[in-house]
A.B. asks: 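Here it is, the structure in full.
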Amino acid sequence: MTTEQLVSYEEAVSRYDPVIGLETHVELGTVTKMFCGCPTTFGLPPNSAVCPVCLGLPGSLPVANRTAIEYTIRIGLALHCTIATWCRFARKNYFYPDMPKDFQISQYDEPLCTDGWMDVSVRGETIRVGIERVHLEEDTGKSLHIGGATGRIHGADYSLVDYNRAGIPLVEVVTKPVPGTGALAPVVARAYVTELRDLLRSLRVSDVRMEEGSLRCDVNTSLAPRGAAEWGTRTETKNVNSLRSVERAVKFEIERQAGVLDAGQRVVQETRHFHEDTGTTTAGRSKEEAQDYRYFPEPDLVPIAPPAEWVEQIRADLPELPAARRARLQSEWGLSDGDMTSLRNAGALELVEATVAAGASAAEASKWWLGDLARHANERGTELGELSVTPDQVARVSALVRSGTLNDGLARQVLDGVLAGEGDPDAVVAARGLAVVSDDDALAKAVDDAIAKSPDVAAKIRDGKASAVGALIGDVMAATSRRADAKRVRELILQRLS
Ligand SMILES: [Zn+2]
């Protein structure tokens, strides 16, 4: 429970300067674990993907996963890091029930990648975030606390441990402290994690699903009075598991720490838990120092010494990185910064790209993905990419609109049909009878009826007031279940009333 007096965010950032830092854990998408051959598949029955090595049984020996090392180097290179020519794993000693060896194989003073950077753009401004290190370690298992309201150990009846996750390769990306972002600090933190997620995805090293825990963030925040020479004491909010939560956690810590400092107290260096439901953090354990872990070089593993040619090969094979790709697509598509931001925030960039590749224009593709389809995804509480409509189908709908077979309203109904599993756009058009009616004979009766129904409007149009035609077009559209070709209807009405 928080007993602290919060200071409003605007007030806090008007008198204090925040410094943030992020530690991001990424589960690598290798087929097998870091030091054994067990599968890394998510969602297997508990304790079914384990062996003597990842259970830490006596006499078992680890062997490092070459692909995990390659993936880590790939991440390091994409983050402009220096790749170590020789480094070692280290034992980090501590007890945790979900860590059967009672130590974690990690890297300590000899990380594989050091001293890089990544640019993030926030409200049109580019901020360079320094990368302290990228190192490789193994994940722990997972404790499940049964009974009790919160899922935490307090109040639980008993606890179970699933070791399937123990030994999955984990990369930790640690930023340098990021000062000077002022009131934007929470947004910068979120933008950093978003950019890192996109980068990791483009590198194909992880599926980066925050909801499945394959990307997890610890968020460091400190506060010092405006213009102070020294930074304040930082807190570390653990396991913040969504982009939105990253932003909220930093914001809350700024409000809370401002309250602590205003009261003349000192911020305690500690880990804190973030609560999704309230957007608040509460104190966890006081922060351990590195010396508490009694790190020493892992005696069961040989050092990692990646040959320079291998590193250069990995560098040469890097894909186009997200920032460069966005810049290229934006210029190819002729979209504004705002449009690109919307596409990116909606997770629609790949979908629009594929829709354009299937023949739609960027404007058409953006319109459907950001409009109707985004609304459908929203209503279903799902991601755009998980909707049962493909970029090819969206491109086909766009083509049907362009050729005049569909108007926007009918196109919406076609997409509804596709989403409802009624088949391809053409099949839905045929089955639902959705094509635009532009045939003069078919429209004639509806046009005549509309004119007969509103003689006063017809009189105005005869007197040259062409703007009145809209009301009659509306009637014809209604009478034809909105299937009429509005442009042709307008022409027919004006012909008859000229
Ligand atoms: Zn194993």
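Numbering of ligands and ligand atoms starts at 1, following listing order. Not measured: the values here are computed from a predicted model.
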A.B. asks: For Ser106 and Glu137, indicate whether the former's side chain and the latter's backbone hold a donor-acceptor pair under 3.5 Å.
C.D. replies: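 Not a single qualifying donor-acceptor pair exists.
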A.B. asks: Between Lys251 and Glu247, does any NZ, NE, NH1 or NH2 come within less than 4.0 Å of an OD or OE carboxylate oxygen?
C.D. replies: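 Salt bridge flag = no for Lys251 with Glu247.
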A.B. asks: Would you check if Ser366 and Leu343 make a side-chain contact, meaning some heavy-atom pair closer than 4.5 Å?
C.D. replies: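 In contact.
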A.B. asks: Could Arg74 and Asp317 be called an ion pair, given the rule that one side-chain N must be under 4.0 Å from one carboxylate O?
C.D. replies: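 Here Arg74 does not pair with Asp317 in a salt bridge, since their nearest N and O are not under 4.0 Å apart.
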A.B. asks: Spell out the protein N/O/S atoms under 2.8 Å from the Zn ion (ligand 1) as residue plus atom name.
C.D. replies: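 For the Zn ion (ligand 1), the protein N, O and S atoms that sit under 2.8 Å away are Cys36 SG, Cys38 SG, Cys51 SG, Cys54 SG.
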A.B. asks: Quick check against the 3.5 Å criterion: does Asn65 have a side-chain atom that pairs as donor or acceptor with the backbone of Thr32?
C.D. replies: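 Indeed, once roles are kept as given, a pair shorter than 3.5 Å links the two residues.
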A.B. asks: Going by an N to O cut-off under 4.0 Å, is there a salt bridge joining Arg315 and Glu312?
C.D. replies: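 Looking at Glu312 together with Arg315, the answer is yes, because their closest N to O distance falls below 4.0 Å.
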